[in-house]
Amino acid sequence: MKRRDIIKGLSLLPLSGGIIGGIFTSKTVFSESKQKRDRRDLFEELGVTKVINAGVTMTFLSGSLMMPEVLDAINSTSHDFANMFDLQDKVGAKIAEMLQCEDAMVTSGAACAMVLGTAAAITGKDPEKIKLIPNLPGPRPEVIMLKSHRYLFDQAITTTGATIIEVAGPDEMDKAFNSNTVLALFYNAAGSSSVSHEEFIALCKKHNIPSFIDAAADVPPVENLFKYQKMGFDLVTFSGGKMIRGPQSAGLLFGRKDLIEAAKLNHSPHEAPIGRPMKVNKEEMFGMYAALKSYLERNHQQEWDGWLERIEKIKKKVTQVESVQGETYINPGPANAFPTLYVTWDQEIVKMTANDAQAALQKGTPSIVTNVTTKDGSKVLSVGVVLLRPDQIDIVARRVREVLKHAI
Ligand SMILES: *Cc1c(COP(=O)(O)O)cnc(C)c1O
């Protein structure tokens, strides 16, 4: 009998536990149907597919899932108003204390932190400049970057009206500083750097120009949250919604107090400045604070071991398919420095490519997003585990096995 029929049948019976107790307890029947009514599924309501993220933190997949304590912070603070100037100051002071630096603020992501940090370097606390940016009179402000550090996100720098001056090495960098220079930006996860972190900072200090490092995706390890301000960078940014698992629409900008103060003047809740379209509300601020606190207090070794266990679990299942092999790959970082499972197979036996498997997993039910990467010149299926909910580990293992087995 179908479940629907049972329920239909039950409605004809007198609803006493005594009669239906042999099949269900009345409690089960009622709580199940009540749950169905109460649990509004907005994914379903809007026709949006839920996705299992067996990849890395990606903004197009909504980043990461917030920690329960972050959701608590958001929910428990959403019923009261707050003065946003006061909240940003207090949250910033607390974050600065946690990160052992002078000052900090919550931004709407690392890209926003780059806009605000650059704007701060351009305007200082000058109200006239804050009003005019990005249309200041005179020559364009200049931001120095290494040639090998140019990347997609540096558009956040030119959003302020600044222009990027590329340099190839330490000598060129030394000569690039002039009266229009406002900032130098270091991209931490760049493939190569002809100038080391230390040399970069030293050159900036020599010319009395602030140095800024973008380390958006560079935890774990947790130590990185302290490393760059200790080295001497004047400004540091991390995304809030990557492995710190705060709100996806939050980020951290921290470092020198005068620069953070200037960055705040360029941001919401002020009415008109360049940062106004990058508003951060109190939920993100409380949420970001709770996320950072939780991240710093976490047992990182235990978390890491848990990831390795997940990999072993999935590996054990998928290697039951003929010729399929699994290998634990530890990304050396600085970005996404965590373990991932690489899955390979003999394509004479399992007749599909890594891209075919990736597409099948994505099209399947549930939809699972994995990555394809190149190892020793051939493509491998990369199955990420760090963003899976505990109940999704078996689902991913089963689906990868099914997809590969199906191609035999
Ligand atoms: C993700 C990322 C950004 C953008 O960060 P958001 O928090 O999404 O704004 C900037 N730089 C790097 C290196 C990143 O990885």
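Fair warning: this is a prediction, and the values are worked out from it, not measured in the lab. Note that the numbering runs from 1 along the sequence shown for the chain. Read the numbers this way: they start at 1 and go in the same order the structure lists the ligands and their atoms.
Listed by number with element, the atoms of ligand 1 under 4.0 angstrom from any heavy atom of Lys242 are 1 (C), 2 (C), 3 (C), 5 (O), 14 (C), 15 (O). For ligand 1, the atoms sitting less than 4.0 Å from at least one non-hydrogen atom of Ala111 are 4 (C), 5 (O), 6 (P), 9 (O), numbered in the order shown with element in parentheses. Within ligand 1, counting atoms from 1 as listed, the ones closer than 4.0 Å to a heavy atom of Ser239 are 1 (C), 5 (O), 6 (P), 7 (O). If you number the atoms of ligand 1 from 1 as listed, the ones under 4.0 Å from a heavy atom of Ala217 come out as 15 (O). Ligand-side atoms of ligand 1 in range of Thr59: 8 (O), range being under 4.0 angstrom from any heavy atom. In summary, the atoms of ligand 1 found under 4.0 Å from a heavy atom of Gly109, numbered by their order in the structure, are 7 (O), 9 (O). Close approach of ligand 1 to Tyr187 is summarised as follows: ligand atoms under 4.0 Å from at least one heavy atom of the residue are 13 (C).
Residue, atom and distance of the protein heavy atom nearest to atom 6 (P) of ligand 1 are Ala110 N, 3.3 Å. For atom 13 (C) of ligand 1, the nearest protein heavy atom (residue, atom name, distance) is Asp214 OD2, 3.4 Å.
When non-hydrogen atoms are compared, ligand 1 lies under 4.0 Å from neither the backbone nor the side chain of Thr237.
For Gln325, the CD atom is loosely surrounded, since the number of other residues' heavy atoms within 6.0 Å does not exceed 12. With a 6.0 Å radius and a threshold of 12 heavy atoms from other residues, nucleotides or ligands, Lys351 has its NZ atom above the threshold. Heavy-atom neighbours of Gln155 CD from other residues, nucleotides or ligands within 6.0 Å: at or below the threshold of 12. Annotation for Glu322: atom CD does not count as buried by contact number, only 12 or fewer foreign heavy atoms lying within 6.0 Å. Counting heavy atoms of neighbouring residues, nucleotides and ligands inside a 6.0 Å radius, atom CG of Leu46 exceeds 12 of them.
Between the side chain of Thr319 and the main chain of Val324, no donor-acceptor pair closer than 3.5 Å is present.
Taking both residues in full, the closest heavy atoms of Val143 and Ala162 are given as CG2-CB, 3.9 Å, listed atom of the first, atom of the second, then distance. Ile260 approaches Leu253 most closely through the heavy-atom pair CD1-O, 3.6 Å.
Of all the listed residues (Phe238, Tyr151, Phe153), Phe153 holds the heavy atom that lies closest to atom 10 (C) of ligand 1.
Using 4.0 Å as the threshold, Gln248 has no heavy atom nearer than that to any atom of ligand 1.
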